[in-house]
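All of these numbers come straight from a predicted model, not from anything done at the bench.
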Amino acid sequence: MTKQHRDHLLRTAEDTRLHLRVHPHLVRAALAAMTAAGVGVAGAGLAQAAPATTPTCSVSALTASFGQGLAGGMNHQGAVLELKNTGAHTCLLRGYPGLGLESSAHRALHSTTHWGDTWYAKSPAKSTLTLRKGQSAEAVISWTHANTGTPDAVHAAYLEVTPPAARSHKTLKFPQWVDHGDLQVTALAHRIHIND
């Protein structure tokens with residue numbers, strides 16, 4: 001380092017000391033700004049480290065199956081539909097499953113799904129269900145089959161089950177005649193009371 005460079009550094013350091021002695025409010029302002037900036041950075045770090053919210057159950061994390069079969073008078077038939085979390089993590093379901101009918105060749109058939117009460121059960125209110133690994137949610141589906149073998153009935157081989165908020169479905173064997181392709185289904189719940 002040359003003598004000229006060393007003298008310049010010493011003068012700069014002395015000027016800074018004098019400036020801070022004469023203007024102490026600048027020191028306080030600088031410290032406040034640095035503290036605020038530090039809090040901002042720390043806050044951003046905390047926001048990024050916050051735990052992720054529980055995701056909606058994906059189709060791949062669920063299995064669909066029929067539980068209790070339901071029968072009754074006036075050509076009514078139904079079943080308890082179960083969606084089980086077989087994934088590795090806890091997930092959420094809320095609302096109604098989508099339903100559709102398929103032929104034996106897995107071609108979509110005419111069908112309409114009605115959400116709400118069924119012949120067998122009153123629909124519970126929509127609620128967010130937390131499913132840990134191995135836990136299930138259920139809905140009750142029903143249909144009539146008075147017109148078996150007529151043009152007013154749809155002869156299905158499979159039932160498509162689309163979980164809430166999903167864009168793909170599970171397929172279950174469903175060799176049934178369904179009047180006009182009309183299906184009724186309740187909202188999902190952990191357990192649904194079947195009418196006596």
Side-chain angles (χ1 to χ4, degrees), residues 54 56-104 106-150 152-196:
T54 305
T56 298
C57 298
S58 65
V59 175
S60 61
L62 295 170
T63 57
S65 62
F66 289 121
Q68 179 183 355
L70 304 169
M74 302 177 66
N75 297 300
H76 287 274
Q77 196 164 348
V80 175
L81 174 67
E82 296 179 350
L83 293 177
K84 182 177 182 180
N85 178 9
T86 54
H89 306 288
T90 298
C91 60
L92 305 176
L93 283 177
R94 178 182 174 84
Y96 297 85
L99 304 176
L101 300 175
E102 290 184 0
S103 70
S104 57
H106 291 286
R107 292 193 178 145
L109 299 172
H110 166 74
S111 64
T112 305
T113 301
H114 305 275
W115 290 348
D117 297 343
T118 71
W119 176 260
Y120 301 99
K122 183 173 176 54
S123 183
K126 280 173 55 172
S127 61
T128 301
L129 307 175
T130 301
L131 297 185
R132 295 183 184 84
K133 182 178 180 180
Q135 288 187 318
S136 299
E138 63 183 33
V140 174
I141 64 173
S142 68
W143 63 95
T144 61
H145 51 86
N147 297 314
T148 300
T150 74
D152 292 329
V154 175
H155 189 204
Y158 298 96
L159 180 72
E160 297 175 352
V161 178
T162 305
R167 294 189 177 190
S168 58
H169 59 266
K170 297 291 187 180
T171 306
L172 297 174
K173 288 185 177 179
F174 190 73
Q176 301 291 335
W177 288 93
V178 179
D179 291 344
H180 307 287
D182 287 337
L183 299 162
Q184 291 79 38
V185 65
T186 67
L188 288 161
H190 284 296
R191 189 69 59 215
I192 297 181
H193 173 73
I194 305 299
N195 298 333
D196 294 330

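You'll find the side chain of Leu81 reaches within 4.5 Å of the side chain of Leu99, heavy atoms only. By the 4.5 Å heavy-atom criterion applied to side chains, Leu101 and Leu183 are counted as neighbours. Using a 4.5 Å heavy-atom threshold, the side chains of Tyr158 and Lys173 count as touching.
Between Thr90 and Thr54, the closest heavy-atom pair is O-CG2, 3.5 Å. Of all heavy-atom pairs between Ala156 and Leu109, the closest is CA-CD1, 3.9 Å. Pairing each heavy atom of Ser168 with each of Pro163, the nearest pair is O-CD, 3.8 Å. When all heavy atoms are compared, the tightest approach of Gly95 to Pro164 is C-CG, 4.1 Å. Pairing each heavy atom of Phe174 with each of Leu159, the nearest pair is CB-N, 3.5 Å. When every heavy atom of Pro97 is checked against every heavy atom of Val185, the shortest pair comes out as CG-CG2, 3.7 Å.
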Check step by step if side-chain contact (heavy atoms from CB on, under 4.5 Å) holds for Lys126 and Tyr96. CA-CA 8 Å; Lys126 280 173 55 172; Tyr96 297 85; 3.7 Å; yes
Applying side-chain contact (heavy atoms from CB on, under 4.5 Å) to His190 and Leu131, what does each step give before you reach the verdict? CA-CA 9 Å; His190 284 296; Leu131 297 185; 3.7 Å; yes
List the steps and the verdict of side-chain contact (heavy atoms from CB on, under 4.5 Å) for His180 and Thr112. CA-CA 8 Å; His180 307 287; Thr112 305; over 6 Å; no
Using the side-chain contact (heavy atoms from CB on, under 4.5 Å) rule, take Leu83 and Val161 through it: C-alpha gap first, then chi angles, then the decisive distance, then the call. CA-CA 9 Å; Leu83 293 177; Val161 178; 4.1 Å; yes
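A side-chain hydrogen bond (donor to acceptor under 3.5 Å, both in side chains) check over residues 60-76, counting only residues at least two apart or in different chains, returns the pairs Ser58-Ser60. Pairs passing the disulfide (SG to SG under 2.5 Å) check and including a residue from residues 70-101, sequence neighbours excluded, read Cys57-Cys91.
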Can you give me every donor-acceptor pair (side chain of residues 133-146, partner residue at least two apart or in another chain, under 3.5 Å) with its distance?
unit_1	atom_1	unit_2	atom_2	d
Gln135	OE1	Arg132	N	2.8
Glu138	OE1	Arg191	NH1	2.6
Glu138	OE2	Ile192	N	2.7
Ser142	OG	Gln184	OE1	3.3
Thr144	OG1	Asp179	OD2	2.8
His145	NE2	Gln77	OE1	3.3

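Rounding to the nearest 0.5 angstrom, the gap separating the OG1 atom in Thr171 from the CD atom in Glu102 is 4.5 Å. Separation of atoms CG (Leu92) and OG1 (Thr56) is listed at 6.0 Å; rounding is to 0.5 Å. The distance from atom CG of Leu129 to atom CG of Asn85, rounded to the nearest 0.5 Å, is 12.0 Å.
Taking Ala157 as the reference, Ser104 meet the side-chain contact (heavy atoms from CB on, under 4.5 Å) condition, with sequence neighbours excluded. Take His155 and apply the ring-ring contact (aromatic ring centres under 6.0 Å, His included) test, not counting sequence neighbours, and it matches Trp177. Evaluation of the side chain to side chain donor-acceptor pair (under 3.5 Å) rule for Ser103 yields no partner, not counting sequence neighbours.
The environment of NE2 in His89 is sparse: at most 12 heavy-atom neighbours from other residues, nucleotides or ligands sit within 6.0 Å.
In this structure a side-chain-to-backbone donor-acceptor pair under 3.5 Å is missing from Thr186 to Gly116. In this structure, Thr128 contributes its side chain and Arg94 its backbone to no donor-acceptor pair below 3.5 Å.
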